[in-house]
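As structure tokens, the structure follows; a few thoughts come after it.
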Amino acid sequence: MATTTARPAALDGSEDGRGLLTRDDRARLYRYMLLMRATEERALTLYRQGKVPGSYYDGHGQEAVSVGSAYALGPRDRACVLHRDLGAHLIRGVRPGRVLAQMMGRATGITGGRDGNMHFGDRHLGCVGMVSMLPDMALVACGLGLAFQIRREPRVAMTWFGEGSTANGVWHEAMNVAGIRRLPVVFVLENNQFAYSTPNDHEFAVDPVERAAGYGFPGIKVDGNDVEAVFSAAAAACERARTGGGPTLIECDTMRMHGHGAHDDMRYVPPELLEHWAARDPVEAYEARLAAAGIDTAAIQADVRAELERDTEWALQQPMPDPPTATDGVFAEVAEPLGDGEAPWSRWSPDREATHA
Amino acid sequence: MATTTARPAALDGSEDGRGLLTRDDRARLYRYMLLMRATEERALTLYRQGKVPGSYYDGHGQEAVSVGSAYALGPRDRACVLHRDLGAHLIRGVRPGRVLAQMMGRATGITGGRDGNMHFGDRHLGCVGMVSMLPDMALVACGLGLAFQIRREPRVAMTWFGEGSTANGVWHEAMNVAGIRRLPVVFVLENNQFAYSTPNDHEFAVDPVERAAGYGFPGIKVDGNDVEAVFSAAAAACERARTGGGPTLIECDTMRMHGHGAHDDMRYVPPELLEHWAARDPVEAYEARLAAAGIDTAAIQADVRAELERDTEWALQQPMPDPPTATDGVFAEVAEPLGDGEAPWSRWSPDREATHA
Amino acid sequence: MPELTYLQAISDALREEMRADERVFCLGEDIGRFGGAFKVTDGFIEEFGPDRVWDTPLAESAIVGTAVGAAVEGLRPVCEMQFADFISCGFDQLVNVAAKMHYRQGLAVPITVRLPSGGGFSGGPFHSQNPEAWMLQAPGLKVVAPSTPRDAKGLLAAAIQDPNPVVYLEHKHLYRRTKGEVPEGRYELPLGEARIAREGTDLSVIAYGAMVGVALEATEDLDGASVEVLDLRSLVPLDTDAILGSVRKTSKVVILHEATRSCGVGAEVAALIAENAFEDLDGPIVRVTAPDVPIPFSPPLERAVLPQVDNVKEACRELLAY
Amino acid sequence: MPELTYLQAISDALREEMRADERVFCLGEDIGRFGGAFKVTDGFIEEFGPDRVWDTPLAESAIVGTAVGAAVEGLRPVCEMQFADFISCGFDQLVNVAAKMHYRQGLAVPITVRLPSGGGFSGGPFHSQNPEAWMLQAPGLKVVAPSTPRDAKGLLAAAIQDPNPVVYLEHKHLYRRTKGEVPEGRYELPLGEARIAREGTDLSVIAYGAMVGVALEATEDLDGASVEVLDLRSLVPLDTDAILGSVRKTSKVVILHEATRSCGVGAEVAALIAENAFEDLDGPIVRVTAPDVPIPFSPPLERAVLPQVDNVKEACRELLAY
Ligand SMILES: Cc1ncc(C[n+]2csc(CCOP(=O)(O)OP(=O)(O)O)c2C)c(N)n1
Ligand SMILES: Cc1ncc(C[n+]2csc(CCOP(=O)(O)OP(=O)(O)O)c2C)c(N)n1
Ligand SMILES: [Mg+2]
Ligand SMILES: [Mg+2]
């Protein structure tokens, strides 16, 4: 019946927002985390093979953050996805093959070779690609929320940023504006303990989640390695935003398990810290939990592996862009706004009553 | 005896920082407020006479803020003075005549006609002139504090900004950096209820003084129309900064009693609000208090009037700058750092034992 | 046709676009109840309400950045910087977020950024700048700088309707000083077309914005010489055909702008001519610009720095005699 | 003389200045324990301690702004932007606070801002820029762009000792690729003097930074022509005598830079020549630059955009044949 869609029976009987997830949702959360990790591992291999030009950055160890948060988005919601958040792109519907093509600078990558790394967003799927300057996209997300607010639409803009980025002035301007106008924006703060080599104590004197109160909206801190905890906070924040309650800042405590980029040997990270977090790997922990609940995680793994093989093959066959096109498209001829994204959470399923029967 | 210098008998017997003030200090506080008001009134007259080019801005109604705070500074402390804070310049030792010459674009104004209005600072007196972009000087003040910290000098940098300016990203960067490094900086936030025409509720959702905690240092709110309350908070903050305790944010609640500039008729200000604050004029209130305590305020007034007459006459005789010099001085030939300022607080008097005997 | 000031023309264009297209909205400091520092949006909040006339906090990055977000969601934001000088505070959002978006991702960013620019009234080093050359070094931005009320209206309408970020330089000195006939109702002028302000055969003066008037005045009666004045109107795209065409006709060229000299628009126009019309030149390419100094406050200093009618006369005379 | 890379030369200059003058200190992101994104300050925090090597938060305005404050108090801060591109985030502090301070108040601001700049390694639109022209349109900043290890060292020392804000462009592509003899110990090269990288009589190629090497390679053997290569080294002050002198000698000039075209340094140099050496010219002034696009990531696109040896050859051949 319809009400179970909003609050389906909880897998683990918990009473909080986790109860919003069906068994299928959980399998999907696991799948996306796995797909993010597998895609990034493949991209790293391609980088080491010299097939990815420039530098290489990933979100290894932070899969629960982008997957858990982006999973709460509806199709007409919008996202400004950051450099540790491949999971969010995958959830919006970007195929892993296109990500690999993007990384390799191929013509069919999301930016067609114009930009690299995680500097992309599929505009057809409601995503605005990030710029390097951090955290500039926080203001763009405010603008998306502003459009929803002006048009009285129950929609949400979500964006992500690292804890280091909160030191930049644009972060403050975004928080302040979101607070003043009560914009429907969800800010996901990924505290992965470092900004490049810079540890928390050089970035701020007080945990930035504490600052949300100073902007007039809630700041919530969750275990960033628990995908359901992240989801639960994000789902509540989206609901709040959608119903006129304004923005939320969600800090996800996590760890960047790889170097800042592939070139970075992380000398500056104490080994004990890495060990501590390695024992809390978000993908492994969730796998164990789902397996214990009788979900066939091996099948999902096999499926992800197969998808990635297919997609890698496809990506490797993609052509490089044509040099004479390098100067095309500096200016637009028409303005076509963002399209809608995929939204795998069962809540957004058009036939959700059936799904949750 | 020496101890009375640090804590001389309070004029009104109060136990707080006001106790730091001698009778002479109080007379001086009054004098500087009066001098600020008189100088600005004269400048406004000159503006109306067409002798001040460009626009005209003043700090009418906010005299207690700049006077009370700047009075706490020692000679080797430094100040980045803002556009409502003429009192701070006067305390550092700038003569009213030079201020008027500055406003009129004369060759002997502080910037020699290169810049106008309150965009000046006498570098020989330890002041860095403000730029228009608000609140950029907050970062410069952090840099001054950084120099003191690196050189292990017990010195303080003070700067001011309006409440509207706290919305800008550079404000956040300054607060954050000051908090992380525990810089010896005193930030004086002048909440005069408006940023140009923009009222508080369009500027922030939460009083910015609340944000200090999120940067790891105290935020203190005082009656900005009570010069001794401002002084007391500033003196404590300077002491804290000087002794390694880090920055302080002091919010002074006050009211801009004139338009943003002389062109602004303040249509947007509710008349009741102006009336409310007019009844709390900082100069008149302090005069009444001092007069009741037996200080000869009339003599001070006469003195200020005479000084201003002399200075105005001097200023009006100053030449305009020579056109061919317009392109001089874009680059420096030598780097001469800031000089020391005057510091009229009896605490800083070289012969303070005598003074307070 | 009614006579309007340059300021009224800008205001009219904005009002008419807002009436015609509900996607258009304004944001900036003090543009609502106060009607803007220069009163361009006077009465707007009363007509369009606070959702479409947003009195923002003092935060230029926020103004440009939120405009970008709203634009990619289908709205048509028009940002006002209180003074052009403050674009330095929203610079990164403009040159990195807005300007590069379409090239990188095929996502159009239809925003307009209005910049009240220029000096001549003792605004001093922070209220007198002409920052257009920065934008020319930031591919992906269109840049216009009208000199007449008619152009001001038509170019602002075109800027708002353009699918790209357009930087619109409105010279403060023209606001109330310049009047002219302006067609009623909506119309657009194409971005990228210069205008011959006066035809001539002996020498071309190329200018834009407030300097067009200075050029016309300076060359009105120059010992009988026939001086062409070309008003660029649009700096990106730049009307190279019109520039080269004029030079080919006259063989002598003075480029005039109020902005500082090095790497200014004048440098670009000179380089363009020196590369593409070398054979047609009958004398050096002369620039009349502000020297490389901050714009000083005091009237005698400011006059010494900003190009004056006499400077233009002198430059033209010298070149004519060459 | 030892052979050093360009990177080592920069590092050496900075280290020697810090050893010689305790007022000199560094600030920037990840410059401490990590030694900087490009390892310019590797080992510095160990030698000089955290007070003189400040790992700042991610806040470019703070880096430039606090440097200004420390400088006017008598220190000599050297700021590192992690990539030159991020100067857009500290732009306002640079062009409005630092650049104008001395002109306005007679207060010198001896800061150095190091900008690892340029492309050629798939850095994409945000890690490949050459933003020097922005600085030329911001009076009050000196700007240098060395092309060799020897110049890199001598110019950085001079920048640090100069009483003005100096923007120091260090091209990332030269860091480890370029080696050369570098004198031991401290020395300075004057800011504002160009260097003839190769003497010639038929044509001048004017370049700076990474493009000097491209110019030399392209003209090494150009059908026997004698091509002069002028390395500007300093963009502000610009060595106009050297530029005009070279043009007067060769009568033909190609200006080469990696930055985008419109209002670039090439435009300024072309305009300078077109105004002051018109009579000496024997052909159009040719610019070889990146076109007005963001710098793309993918190697074939990036190569198509950045000036290549072949582009320079072609331009020179055409001009020689003119
Ligand atoms: C404005 C700006 N300055 C500098 C950089 C260079 N940079 C890239 S990532 C990074 C660290 C970011 O740290 P954080 O925000 O914590 O994100 P994380 O990479 O840890 O996820 C830095 C300094 C940048 N991208 N943007
Ligand atoms: C970055 C920036 N943007 C815009 C302005 C234009 N402006 C000058 S004063 C002002 C209002 C400032 O308000 P507040 O900070 O409260 O100071 P107050 O004038 O009230 O003392 C504005 C918007 C500016 N000076 N700086
Ligand atoms: Mg981080
Ligand atoms: Mg205010």
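Chain naming here is simple, since letters A, B, ... match the order of the sequence lines and numbering starts at 1 in each.
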Taking all heavy atoms of [X] and all of [Y], pick out the closest pair and write down the distance.
X      : Y      : value
C:A290 : C:P307 : N-CG, 3.9 Å
C:V236 : C:L141 : CG1-O, 3.2 Å
D:M135 : D:L115 : CE-CD1, 4.1 Å
D:L306 : D:G120 : CD1-N, 3.4 Å
C:A315 : C:V286 : CB-CG1, 4.1 Å
C:A267 : D:A271 : CA-CB, 3.8 Å

Q) Heavy atoms, side chains only, cut-off 4.5 Å: are C:V143 and C:V166 in contact? A)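 C:V143 does not reach C:V166 side chain to side chain.
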Any idea which of [options] has the most non-hydrogen atom pairs under 4.5 angstrom with chain D?
options                        : answer
C:A138, C:A277, C:C89          : C:C89
C:L238, C:I285, C:L272         : C:I285
C:I255, C:V293, C:L94          : C:V293
C:G140, C:P296, C:P294, C:A259 : C:P294

(Q) Apply side chain to side chain contact (heavy atoms under 4.5 Å, CB included) to residues C:V109 and C:V72 and explain how you reach the verdict. (A) CA-CA 6 Å; C:V109 181; C:V72 297; 4.1 Å; yes
Q) Tell me, side chain or backbone of C:L281 under 4.5 Å from chain D's heavy atoms, or both, or neither? A)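 For C:L281, backbone and side chain are both near chain D.
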**Q.** Structural part of C:V95 lying under 4.5 Å from a heavy atom of chain D
**A.**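 Only the side chain of C:V95 comes within 4.5 Å of chain D.
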Which N or O donor-acceptor pairs, by atom type, sit under 3.5 Å across chain C and chain D?
unit_1	atom_1	unit_2	atom_2	d
C:S88	OG	D:D92	OD1	2.8
C:S88	OG	D:N96	ND2	3.0
C:D92	OD1	D:S88	OG	2.9
C:N96	ND2	D:S88	OG	2.9
C:K100	NZ	D:P125	O	2.7
C:K100	NZ	D:Q129	OE1	2.9
C:P125	O	D:K100	NZ	2.7
C:Q129	OE1	D:K100	NZ	2.9
C:W134	O	D:W134	NE1	3.1
C:W134	NE1	D:W134	O	3.0
C:Q137	NE2	D:T260	O	2.8
C:Q137	NE2	D:T260	OG1	3.4
C:Q137	NE2	D:S262	O	3.0
C:T260	O	D:Q137	NE2	2.9
C:T260	OG1	D:Q137	NE2	3.4
C:R261	NH2	D:E275	OE1	3.1
C:S262	O	D:Q137	NE2	3.0
C:C263	N	D:E268	OE1	2.9
C:E268	OE1	D:C263	N	2.8
C:E268	OE1	D:R287	NH1	2.9
C:E268	OE2	D:R287	NH2	3.1
C:A274	O	D:I285	N	3.1
C:E275	OE1	D:R261	NH2	3.1
C:E275	OE1	D:R287	N	3.2
C:E279	OE2	D:Y322	OH	2.2
C:I285	N	D:A274	O	3.1
C:R287	N	D:E275	OE1	3.2
C:R287	NH1	D:E268	OE1	2.9
C:R287	NH2	D:E268	OE2	3.1
C:Y322	OH	D:E279	OE2	2.3

Q. Under the side-chain contact (heavy atoms from CB on, under 4.5 Å) test, which residues partner C:A59, sequence neighbours left out?
A.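 Only A:E173, C:A62 meet the side-chain contact (heavy atoms from CB on, under 4.5 Å) criterion with C:A59.
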Q) With respect to chain C, which residue among D:G124, D:P131, D:P125 yields the maximal number of heavy-atom pairs within a distance under 4.5 Å? A)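 Most pairs with chain C among the choices: D:P125.
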(Q) If you count heavy-atom pairs within less than 4.5 Å of chain C, which of D:G266, D:A274, D:A99, D:P284 leads? (A)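 With the most close heavy-atom pairs to chain C, the winner is D:P284.
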Q. Does the side chain to side chain contact (heavy atoms under 4.5 Å, CB included) test come out yes or no for D:V305 and D:I295, once each step is laid out?
A. CA-CA 7 Å; D:V305 159; D:I295 308 308; 3.9 Å; yes
